[in-house]
Student: 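This structure is in structure tokens; I'll ask about it shortly.
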There are 2 protein chains.
Amino acid sequence: MNQYPHSTRLLVAIDCIIFGFDGDEIKLLVIKRNFEPERGKWSLMGGFVNQEEDLEVGAERILYELTGLNNIYVEQLLTFGKVNRDPVERTISVVFFALINIHSHDEESVRAHNAHWVSLKNMPQLIFDHEKMVQNALERLRYKAALHPIGFELLPETFTIPQLHKLYEAIYGMQLDRRNFSRKILSTGLLVDTGEKNENSATKKAVLYRLDKEKYEDKFHSFWYFMPEPSA
Amino acid sequence: MNQYPHSTRLLVAIDCIIFGFDGDEIKLLVIKRNFEPERGKWSLMGGFVNQEEDLEVGAERILYELTGLNNIYVEQLLTFGKVNRDPVERTISVVFFALINIHSHDEESVRAHNAHWVSLKNMPQLIFDHEKMVQNALERLRYKAALHPIGFELLPETFTIPQLHKLYEAIYGMQLDRRNFSRKILSTGLLVDTGEKNENSATKKAVLYRLDKEKYEDKFHSFWYFMPEPSA
DNA sequence: GTAATATTGTGTCCAAACGACACATTCAGA
DNA sequence: TCTGAATGTGTCGTTTGGACACAATATTAC
């Protein structure tokens with residue numbers, strides 16, 4: 001098996017950025033470590049890569065372990081590998097970032113792992129280089145959400161345009177004109193009117209939409225704004 | 001040192017996508033392997049991560065070894081880690097992609113490594129999952145070049161707008177209106193007229209421009225097109 | 001039951017940007 | 001000096017985007 005005997009082998013970890021949206025701001029799911037090193041400190045959910053496990057499978061295993069969720073939006077972010085990033089032993093960390101509906105996870109499992117949703121504006125200190133990972137993930141989220149219809153992953157199956165509007169304001173930390181936003185979103189043709197209305201509202205009830213899955217799949221890899229489709 | 005004794009350690013490699021532009025099309029620098037396994041086949045330039053070496057440093061070392069170049073544009077792409085991607089032994093590969101001026105590298109060194117520039121449209125078979133890596137890098141190049149002033153990395157210090165135009169047509173594999181492209185590029189304010197002209201031309205000589213480095217640094221992380229700057 | 005208030009849906013207007021295209025200019029070579 | 005190919009600049013009509021007004025809906029207060 002070992003035909004590359006000259007080279008050193010390293011620990012390979014997976015860390016997961018898990019974003020949710022509570023209706024007001026973007027939140028991050030972090031755990032309070034109950035193991036050494038850094039017991040009691042805040043950290044991203046993570047684990048080591050198993051010998052016979054693909055990286056993506058490992059990420060899904062770790063996400064499932066914490067949230068009880070399958071089939072969620074996951075994408076590989078970057079790999080962090082500074083020599084001294086883990087004081088115990090050199091460890092390469094492949095970071096994934098996931099978007100979930102904040103109300104859909106398994107409460108039991110989250111409690112068992114000592115996990116909590118924290119606000120990005122008010123984030124506790126995280127171990128190692130985990131804060132850099134989060135910063136990087138936030139940039140990626142902003143990047144992608146500006147170009148691809150990715151925001152829906154943070155909302156329930158059906159949602160209103162005002163909810164979507166608040167989500168985008170939270171992602172970019174800025175105010176967006178309500179009416180122009182609505183026009184832009186509707187012009188994508190990705191939203192389908194369910195005919196129902198949001199009963200939770202205290203005033204005028206907003207129309208509930210759902211994603212047009214087919215158009216979503218089709219359009220996902222195209223830019224919303226800039227370029228005509230590359231050909232080859 | 002080994003305080004994570006339960007976990008398996010894996011080989012970690014670095015592979016480098018190196019793009020160049022010959023005036024007509026995007027080219028990729030690949031090597032003909034003179035070592036096992038897969039001796040004699042085409043492959044990306046790569047190497048293993050050293051015990052005491054950051055990933056970025058490793059990538060720069062490998063790029064320097066092949067091209068003799070420092071201070072070139074390098075960015076981490078993705079990490080490939082399928083269990084059986086390397087038939088010899090499980091190896092995680094962190095892939096970087098680099099953009100260089102195709103005429104600036106060290107000819108000696110490239111020859112010594114059996115390296116060649118190949119056309120993307122006419123690419124030979126590559127070993128392992130290297131073709132996927134290239135495909136992925138091409139997508140990233142298209143993505144970034146549409147949003148950030150990254151194309152200049154593939155051109156010499158001074159260049160003409162027709163050259164830049166051809167570069168973008170090559171990147172996207174499509175025709176772009178010459179006049180509209182020119183207007184768009186000039187409106188970014190990133191180009192400085194050097195006062196000189198391209199003496200190689202057989203007809204009307206085009207004006208040579210160079211990058212305004214300061215504006216380049218300032219604007220690099222902002223989108224060209226879509227969003228107003230995110231605040232926090 | 002009616003008024004007040006907050007929220008949602010739709011529309012208007014003007015300026016900026018974009019794509020399609022015309023025309024004038026410059027250079028090498030016939 | 002004429003010709004052809006490439007380069008630089010401009011025009012025009014359409015579309016898009018941002019700023020903003022107004023109407024419709026539902027809850028609550030009186």
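Each chain gets a letter, A, B and so on, in the order its sequence line appears, and its residues count up from 1.
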Student: Kindly write out the residues that satisfy ring pair (Phe, Tyr, Trp, His ring centres under 6.0 Å) with A:His113, not counting sequence neighbours, or none if the list is empty.
Tutor: none
Student: How would you list, by chain and number, every residue that makes a side chain to side chain contact (heavy atoms under 4.5 Å, CB included) with B:Leu63, sequence neighbours excluded?
Tutor: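 In terms of side chain to side chain contact (heavy atoms under 4.5 Å, CB included), with neighbours along the sequence ignored, B:Leu63 is linked to B:Cys16, B:Ile18, B:Ile72, B:Val74, B:Ala98.
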Student: OP1, OP2 of C:dA24 versus side-chain N and O of B:Lys204: anything below 4.0 Å?
Tutor: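 Checking C:dA24 against B:Lys204, no side-chain N or O comes under 4.0 Å of OP1 or OP2.
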Student: To the nearest 10°, let me know how far the axis at one end of the helix from C:dG1-D:dC30 to C:dA30-D:dT1 is tilted from the axis at the other, five pairs an end.
Tutor: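 Roughly 0° between the end axes, to the nearest 10°.
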Student: Check side chain to side chain donor-acceptor pair (under 3.5 Å) between A:Arg178 and all other residues, then give those that pass, not counting sequence neighbours.
Tutor: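 A:Arg178 satisfies side chain to side chain donor-acceptor pair (under 3.5 Å) with no residue once adjacent residues are dropped.
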Student: Which of these nucleotides, C:dT8, D:dA26, D:dG8, is closest to any side-chain atom of A:Lys205?
Tutor: D:dA26
Student: Whole Å only: how far is the CZ atom of A:Phe181 from the P atom of C:dG9?
Tutor: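 After rounding, the reported distance stands at 12 Å.
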Student: Reading DNA chain C from 5' onward, which residue's closest nucleotide shows up sooner: B:Thr203 or B:Ser187?
Tutor: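 Result of the comparison: B:Ser187.
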Student: Does B:Gln175 have any side chain to side chain contact (heavy atoms under 4.5 Å, CB included) partners at least two apart in sequence or in another chain, and if so, which?
Tutor: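 Here the qualifying residues are B:Glu169.
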Student: Atom CG in B:Leu29, atom NE2 in B:His105: separation rounded to 0.5 Å?
Tutor: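 If I round to the nearest 0.5 Å, the distance is 6.5 Å.
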Student: Each nucleotide N or O in nucleotides 9-12 of chain D that has a protein N or O under 3.5 Å away: list the pair and distance.
Tutor:
none

Student: Using whole Å, report how far CG of B:Leu176 lies from C1' of C:dC18.
Tutor: 13 Å
Student: Figure out the CD/P separation between B:Gln175 and C:dC21, and round it to whole Å.
Tutor: 13 Å
Student: What distance separates A:Leu138 CG from A:Tyr143 OH, expressed to the nearest 0.5 Å?
Tutor: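 The CG atom of A:Leu138 sits 14.5 Å away from the OH atom of A:Tyr143.
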Student: Output yes when at least one side-chain N/O atom of B:Lys197 is less than 4.0 Å from OP1 or OP2 of D:dT7, else no.
Tutor: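 For D:dT7, neither OP1 nor OP2 has a side-chain N or O of B:Lys197 closer than 4.0 Å.
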Student: Apply ring pair (Phe, Tyr, Trp, His ring centres under 6.0 Å) to A:Phe21 and list each qualifying residue two or more places apart in sequence or on a separate chain.
Tutor: none
Student: Distance check needed: C:dG19 P versus B:Ile185 CD1, whole Å only.
Tutor: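 Those two atoms, CD1 and P, are 13 Å apart.
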Student: For B:His165 and D:dA6, what is the distance between atoms NE2 and C1' respectively, to the nearest whole Å?
Tutor: 12 Å
Student: Within this structure, what is the CG-to-P distance between B:Asn198 and C:dA28, rounded to whole angstrom?
Tutor: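 So the CG-P distance, B:Asn198 to C:dA28, works out to 12 Å.
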Student: With sequence neighbours excluded, tell me which residues meet side chain to side chain contact (heavy atoms under 4.5 Å, CB included) with A:Thr194.
Tutor: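 Checked A:Thr194 against side chain to side chain contact (heavy atoms under 4.5 Å, CB included); matches are A:Thr158, A:Glu196, A:Leu208, A:Arg210.
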Student: What's the CG-P distance between B:Leu164 and D:dG8, to the nearest Å?
Tutor: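 Answer to the nearest Å: 12 Å.
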Student: How long is the line joining CG of A:Leu191 and C1' of C:dT10, in whole Å?
Tutor: 16 Å
Student: Output all residues satisfying side chain to side chain contact (heavy atoms under 4.5 Å, CB included) with B:Tyr73, sequence neighbours left out; order by chain, then residue number.
Tutor: B:Glu75, B:Leu99, B:Lys144, B:Ile150, B:Glu153, B:Phe220
